[in-house]
Structures are given as C-alpha cells and as structure tokens.
Amino acid sequence: MLTRIDDYRWEIPITYKPGMRVPGLIFSDEQMLRHIQDEQSLEQVANVAFLPGIVGRSLAMPDIHWGYGFPIGGVAATRVDDGVISPGGVGFDINCGVRLLRTNLTEREVKPKIERLLADLFINVPSGLGSKGKIRLKGNEIDKLLLKGAGWAVAAGYGEPEDLEFTEDHGCLKGADPDKVSIKAKTRGTPQSGTLGSGNHFLEIQVVDEVYDAGIAQAFGIEEKGQILVLIHTGSRGFGHQVCDDYLKTMGTAVRNYGIDLPDRQLACAPVNSPEGQSYLAAMACAANYAWANRQCITHWTRESFSRVLGKSPRDLGMRLVYDVAHNIAKIEKHQVEGKKLTVCVHRKGATRAFPAGHPDIPEAYRKVGQPVLIPGDMGRYSYVAVGTEKAMEETFGSTCHGAGRAKSRSAARRSISGADVAAELAAKGIAIQVANIASLAEEAPAAYKDVAEVMHITDAAGISPRVIKARPIGVIKG
DNA sequence: ATGTGC
C-alpha cells in the first residue's frame, strides 16, 4: 500500500483504490510506521482522497491514528469552487487546540509552591466530564460569545486585549452565525463555557527543558532552561460536539441529494458553496469561537491563581500569551497549487497550522521567525514548541502534527494500566497532579501514548515544523 | 473528544 519516497515521506499511490482523485502522503519513518501498519488509519487516508475537489494530496502527519471518517492527524484541502466540506475532517471537538503562556518564573521559585498552585488552579478552573463553569450566560449572551470568541471573553473581563494579538485569527473566526446552531447545542454549551473538560484535556505547569533554536525561542518570549510555562489544552466541549453531531445528519442527506460518491459514510460532506456547506461553516465558526473564549477565560483564572499563590501581579509574573492555535478546524485559505493561487478549504483534523515567517496571518512580533506551533505530549514526558515553515506551506498547506497520538485505546489502557501505578510513576518523577476523575489517569497514562519526541523528530527532519524548545511537566490538572 | 450508546 505504501511507496517510500524518502526517509520521512510515504505515498499511497492514486492507483491503490479506484476512485482516489489524488495520492495519499504520510509523514512518517520506519519506526513510526510499525505503530500504524495494521490500523485502518491508512485506509482512511486513501478514502479522504475520494472527496470531490480535493487538491494536492490526502495528507497524514506522523501522529496519525484512526478517527471518524478522516484519520486524526489528517489534512485535506478542497477547492472552494467545486469541492466539499466534511465535518468528519474537523472532528467532534471543533477547535480543540492549545494555548501557551510564558512567565518570568523559574522552576526553583515554583517547585516549593507547586501543590498549593495546583490546588488553587483546580478550584479556579472548572474541570471534568459534564462539568459546569462559573460563567452565567443570560438571555442571548451565548450568541454574542459565539460571534466574538476570545474578544467576548476579554470584553467580559477575562484577560487582556493583547492576548487577542497572540491568538490564531485573534480568537474569532469570521462568518459565525448563531442562527445556524441548534438550540440543543446552545443549551449544552451555555453552562459549560469556561471549563477544561476531560480526557486528554489538561492544564500543565511546565519547565523549559531544552532549547533547540535560541533565537526563535527568544522571539516567542522563551529565554532559558528552567523557565516556567503554562500549557492549556481544551476545545469547544459539548457545544462543538453537538454542532458536529447535528451537521453529520445534515451532510448525510446532502450526500444523497448532491449524488456524491464516497467509500465511507463517515466522510459525509456537502459542496462548500451549497447551503448545507455554508451553514456548517457558519456553525463551525461559532464552535471555534466558543473554544477560543473558553481558553481565554481559563487563561484569566490561571493568571489569578498564579498571582494569588505567588503573591505578585500577573504583569510582574510576565504571564504573556505566547500563542493559541487550533488543531481541529477547517479554514478557507489561499494556497499555491501546481503553480496557481487557489482558494481552498483546508481541513485540519488533529493537525496544527504551521505558517511560515512573513505570512500576514501571524502576529507582527513573530513575522520574522514564523508561527509558533504548540505540540502537547503526554503528562509524564514532555511537550514541544516548534515553528511553521515555507516547506509546510508548499507540502502540507501550512500544517503539521498535533501531538503524540495514542498507542493504546482508552479501553486497552484501562485494562492494562492501573491508575495508582500512574500516580506513583508521576510522583517518582516529581510531577504533581490533580485529577477530576481517577479513571482518566490510566486512560491518559504516558504508556497509552506514543513518544511525542519520535513525532517531532519526523516533522523536524521533514522540515514542516522544526523544534524550538522542549518542556517537561511539573504540575498537571486533568479533567 | 462527548450528558460514552437508536
């Protein structure tokens, strides 16, 4: 099924399955391929290549694993003129993403207070499955949040206007239309705004452990080993899930109405320019904005807790936002395809935008170095900051990986790993934890994930997102 | 990921 192009690129030829419109391209190496060879995820890469209007290649990042329709770690660009949009190419957790804060603090200052800090954060940042937040949205306030995203949160007193400058799309995707969102989605979303959620969502206090490119790190506000960072990983909670659910039904009907031929029902889609396609994009933008508002509120409470426990103002603590980037989203972007500038719908599902230096869509302060790419690992090992490149623009529509990728399913992890053992392992490594649900400790165990260092080795060597720094956790909040 | 499920 796979043809080796070079050490880090593997092709699924267009002839693999009749109906593929473009070849598949997987960024991986021999070692990583052993993890995925027997899974259905490669079949999903081939299936995505059937989508009407797909251009370039059906792409997969090194952290690819099986998902709904599209693989997680999949990227596909479709022509806006005559191509389709597919909710399965975005995922259930619309605008699941990562946000990184820098601080002036060092490990030495924080370590003695880590337990108090975690305890304060755990109370201040609502977390856990089905958890409700402390924001009370009344009347049509939810619609304003859906229209304005992170800007709503800042206007409501959660964070600083400067935060928006360092958020992808300033934390607000254009074209959001709350009228395209079901009452059910709004009902689920209203009490959950400003909550971390569960599963692999987390808030981590980390220490800079290795610096690969001091110049770029410096531009991002990361100065040295030992510096404290905060990484926040969450999405659009039940709201985005409901939006996805609603539109999968709509798209199921659209596939029949427009006579779209697909190898898998889960790839349900509609022409980008159809009423169904446009409605999904408008609802998806609402969910993206919900997630950005969510991460913005959590940022505010994080600053509050640090300030309270360390007895300094957030400004003195230097808790500036490095960046906030989505890894489950579809975006209308212009890309060079076979020598021509084309407007495409880039589906990034478990894939991070990685725009190069000079791109107008990245913050002015980073224009000379490129977009920060935030890659969470697992709670026992490390996470990375990388940077977007021109090569990513050429080869992957400006995209890269999004994390470690699971090595064991949730159920397999529960069967083979004990939560108590994980707690002991983390304690032995000096990593403090606060968990809403003890069962999630086994599911989220380091052993349930692949080594994110292997993933980053590939994206670095392939040139689509070179490493800038590595950070290790010293305190973890899990939903 | 998610009030784990039609």
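Bear in mind the structure is a predicted one, so any value in this text is a computation, not a measurement. To find a chain, count down the sequence lines: A is the first, B the second, and so on, and within it residues start at 1.
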Kindly write out the residues that satisfy side chain to side chain donor-acceptor pair (under 3.5 Å) with A:R467, not counting sequence neighbours, or none if the list is empty.
A:D460
Identify whether the distance between the nearest side-chain nitrogen and carboxylate oxygen of A:K450 and A:D378 falls below 4.0 Å.
no
Would you please confirm or rule out a distance under 4.0 Å between OP1 or OP2 of B:dT2 and any side-chain N or O of A:R237?
yes
Compare every heavy atom of A:M379 with every heavy atom of A:E444, then report the nearest pair and how far apart it is.
O-CE, 3.3 Å
A:H233 atom NE2 is separated from B:dT2 atom C1', nearest whole Å, by 14 Å
Using whole Å, what does the distance between atom P of nucleotide B:dT2 and atom CG of A:L196 come to?
9 Å
Whole-Å distance, A:N437 CG to B:dT2 P, equals 12 Å
Separation of A:D245 atom CG from B:dC6 atom P, in whole Å?
10 Å
Distance, rounded to the nearest Å, where A:H201 contributes NE2 and B:dT4 contributes C1'
15 Å
Classify the nucleic acid contact of A:E443 as base, sugar-phosphate or nothing, counting any heavy atom under 4.0 Å across all strands shown.
nothing
Starting from C1' on B:dT2, measure out to NZ on A:K132 and report it in whole angstrom.
16 Å
Have a look at A:G199 and say if it touches a base, only the backbone sugar-phosphate, or nothing, with a 4.0 Å heavy-atom cut-off.
sugar-phosphate
Aromatic rings A:H402 and A:H65: how do their planes relate, parallel, tilted or perpendicular, breaks at 30° and 60°?
parallel
Length of the line joining A:F92:CZ and B:dT2:P, which is rounded to integer Å:
12 Å
